[in-house]
Amino acid sequence: MLLLNRLNLFSRVVLSVSVLSFATLAAQANEEAKPAGAAVDSDMNFRIVTDTKPSIRDDGESTADHSKFEVLQGPFEDGPSVTKACLSCHTEAGRHFMKSIHWTWEYDHPTTGQKLGKKTLINTFCTNAKGNEGMCAQCNAGYGWKDESFDFTNQSNIDCLVCHDRSGGYYKTPNSAGNKACSVMFEGKQPIQWDKVAQSVGLPGRENCGACHFYGGGGDGVKHGDLDSSLKRPDRKLDVHMDAEGLNFACTTCHVTRQHLWAGSRYNVMAHDTEGLGLPGERRDVATCESCHSEAPHPKTELVGIKLNGHVDKIACQTCHIPTIARGGVATKTDWDWRTAGKTKNGEGYKEKEYTQANGEHRATYKSIKGSFKYGENLVPYYDWFDGQMVYTTIETQFDPASGPVEINGFKGDADDGVSRIWPFKRMHTVQPYDKGNNTMVYMHLWGEDDDAYWGNYDFGRAIKAGMERNSIPYSGEYDFVETYSFWPITHMVAPKEDAISCDECHSKQGRLDGLDGFYMPGRDSFSWLDILGYLVLGGALLGVLLHGLLRKLFSKKYPHGEES
Amino acid sequence: MSANGNLNLENANVKKRGGKHYVMIYTRYERFWHWSQALLIFTLFFTGLGLHGTHTMLDFRTAVVIHTYAALVLIVLWVFTTFWNFTTGQWRQYLFKEGVFKVIRFYAYGILVGEPHPYRKGLQRKQNALQSLAYMGFMIFIGPALWASGIVYLTYDLWSGYSWAGTGLMLIAFVHTAAAFIMGAFVIIHVYMTTTGKTPTHYIKTMISGYDNIELTEAEEAYIRETHAVAMKDD
């Protein structure tokens, strides 16, 4: 225990020293970057990691010290050569991993039958990874996916390090150079020391998963609202499980793994885990709250606890226990308008950074390459009945643009279906291009070294045409903009129990669940005519007795009170 | 003994009026029942209106806790009182009596012009015909509607899994709310009626002390003097 404390102290000292030294280093790098391209935006990189020290994972010492392995002594010239070394011992890991969505970016939905996954999906941020893999697939756990030629059967292409480097010295860059406007992205980065990172492998820390999942949608906290870089070292208030000074959960503490397949799918959510605790062994199939906390987690010996347990059938744990999202100092994007993209100053793209988030960083409210944005922090989520089934608007889905915002990932759920519970979501609102003739979404060709790429020519017509043609999607030739929604189920940033929302937050008029129909909720609902009638009865009774009393008073002078028992 | 026979006997007794005496007509248990019930009903009504969203003077959680515990205590009180009513025979007080319309006429008109109350309170007749009817209605309609729907609501967890649970909850809420409004009106009128005695506070004082000045028949008086079955204060 004492040893552990000392270790902790030691690591904190090292940490603060290294943060300091890194800050100086970063400042130097910035100064160096400025004269090189004064007019060019120096932070095109969507992922600016200032704290590169790894988080501490409290698993205890591993049975293997990888720095002692002969095969890992190097020298390594690149990632694939490290992977080959990994697979020389972990002989089955490659085969296992190739089934993972982190590799395939494909998901065949077992219920809806839809073909999902980043490989093909439309999203409400940069709209599509398809055709833009040179940029987007830097978050694929592989090396070099920049176009159709990528070999998904070559195990050497697996990127072990992005998840398993525990030194903090590994990072990813786009798989292709892109347009010159984007080429400044990774200037000033220290080259990766392959030998060191290869010898520093271990079970993933929060920053390993976070390297992609914190930055989804093109920046810190942009996509989810409950996942951002503040979770690398959160305090108890921000996340009671990941609390760096407390429970210090890694992502895989909940997202349990079996042969490199993780529990906790966003495409097919387990909205209500009725199995609960997996006694006697730990369950390996779900990342649900119930799998640790059971289906009746509140004290059964108290009235309030019993009452709260009675909510579990209809209310997801997250609904009460995540009071707000984006509360770690990092904002999440709530609104994105592509229509304003493409403005230039002196022929160059530019940025306006008019939002300052709680941690002091400035966030872009306008980017020529993307359009206009709005942000939110401490956001009250959007709530709805959710049975776990996401229904996607894919590139093939036809919709009626006149019938309101297109739900890119709509979901199913109903108060009375016996499965659904009320879940919190981050709802993202976007205005993005669509095919006006065919009433479908479009693939945009954003990233590329060619002249068709939007991030270079700022020409929607050309970028859409190229994006559709190159992927053999029928295109009418005419585009317009359509409003879209996307919904991100909220499950991280679980607050300590004392910060769970109070009953009144929902059980009140104009409360959090004001917009949900189809069920009766005390405190919020009433039967309007019964209420009118009821108040009339009460008022009538009151008025009646007052009137009667008044009459008695008036008459009492004329007729003295009769003798009464 | 039929109710009718009883009534005739009482009417006969009225004719043979005896003297007035301060007699304990509401026993200690009745008063305990009445006042604790009053307190619980006020508590339930106030917290219930809060839960209903009529006012926001209490936070929902506090209101739920108070409302639930008060309801449980009231149920226990009612169970015990039902037992008491049957073992003591006091349940007969609530049976239908003739003369309801006379009483209604009295409150609508007679009371204004100084007519005497058509009903005489007696040792075996604590309530007038309208009171008996009202209390009987309270005990077989309003009360059960409230406690039955309330108990079903409290046991929500036992039936929440059924597909009709949502509709069921709504139905319960409807019955409970409707009955609560009627209960509210009942209480308003009931409280007002307490002011219609000799003095505005006479009935309340009676319900606190238990003693009222009532006529006793000679037989009743003799019985009380012999057995001390009922407390009598005046001598």
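From a predicted model like this one, the values you see are computed outputs, not experimental measurements. Every chain is numbered from 1 and lettered A, B, ... according to where its sequence line falls, protein lines coming before strand lines. Just so it is clear, the values below take in all heavy atoms, side chains as well, and ignore hydrogens, waters and symmetry mates.
To the nearest 0.5 Å, atom CE of residue B:Met170 and atom CE of residue A:Met521 are 12.5 Å apart. Here the CG atom belonging to A:Leu554 is positioned 9.5 Å from the CG atom belonging to B:Leu112, to the nearest 0.5 angstrom. Within the model, atoms CD1 of B:Ile111 and OG of A:Ser556 stand 10.5 Å from one another, a figure rounded to the nearest 0.5 Å.
With a 4.5 Å cut-off on non-hydrogen atoms, A:Lys553 does not touch chain B at all. Within the 4.5 angstrom heavy-atom criterion, atoms from both the backbone and the side chain of A:Asp504 approach chain B. For chain A, the nearby part of B:Tyr156 is the side chain; its heavy atoms alone come within less than 4.5 Å. For chain B, the nearby parts of A:Val537 are the backbone and the side chain; heavy atoms of each come within less than 4.5 Å. Both the backbone and the side chain of A:Ser526 come within contact range of chain B, with heavy atoms under 4.5 Å apart.
Shown here is B:Arg61, whose CZ atom has no more than 12 heavy atoms of other residues, nucleotides or ligands within 6.0 Å. A 6.0 Å sphere centred on NZ of A:Lys314 holds more than 12 heavy atoms belonging to other residues, nucleotides or ligands.
Ring orientation note: the planes of A:His548 and B:Tyr192 are nearly perpendicular, at an angle over 60° on the 30°/60° scale.
A cation-pi contact, defined as under 6.0 Å to the ring centre and within 45° of the axis, is absent between A:Lys509 and B:Phe60.
The contact list for residues 410-424 of chain A toward chain B, using heavy atoms and a distance under 4.5 Å, reads A:Asp416 by residue number.
Pairing each heavy atom of A:Asp531 with each of B:Thr177, the nearest pair is OD1-CG2, 4.3 Å. B:Val65 approaches A:Leu303 most closely through the heavy-atom pair CA-CD2, 3.6 Å. Closest approach of B:Ala173 to A:Tyr520, counting heavy atoms only: CB-CE2, 3.2 Å. Across B:Phe45 and A:Leu538, no two heavy atoms sit closer than the pair CZ-CD1, 3.9 Å.
Among B:Thr206, B:Val64, B:Thr56, B:Leu51, the residue making the largest number of heavy-atom pairs under 4.5 Å with chain A is B:Leu51. Put simply, of B:Thr54, B:Ile182, B:Thr167, B:Val191, the one with the most heavy-atom pairs under 4.5 Å next to chain A is B:Thr54. Chain A forms more heavy-atom pairs under 4.5 Å with one residue of B:Leu154, B:Asp157, B:Ile188, B:Thr68 than with any other, namely B:Ile188.
Counting only heavy atoms from C-beta outward, the side chains of B:Leu169 and A:Phe519 never approach each other to under 4.5 Å.
Side-chain polar atoms of A:Arg552 and B:Thr195 form a donor-acceptor pair below 3.5 angstrom.
In this structure, A:Tyr535 has its ring center closer than 6.0 angstrom to the ring center of B:Phe181.
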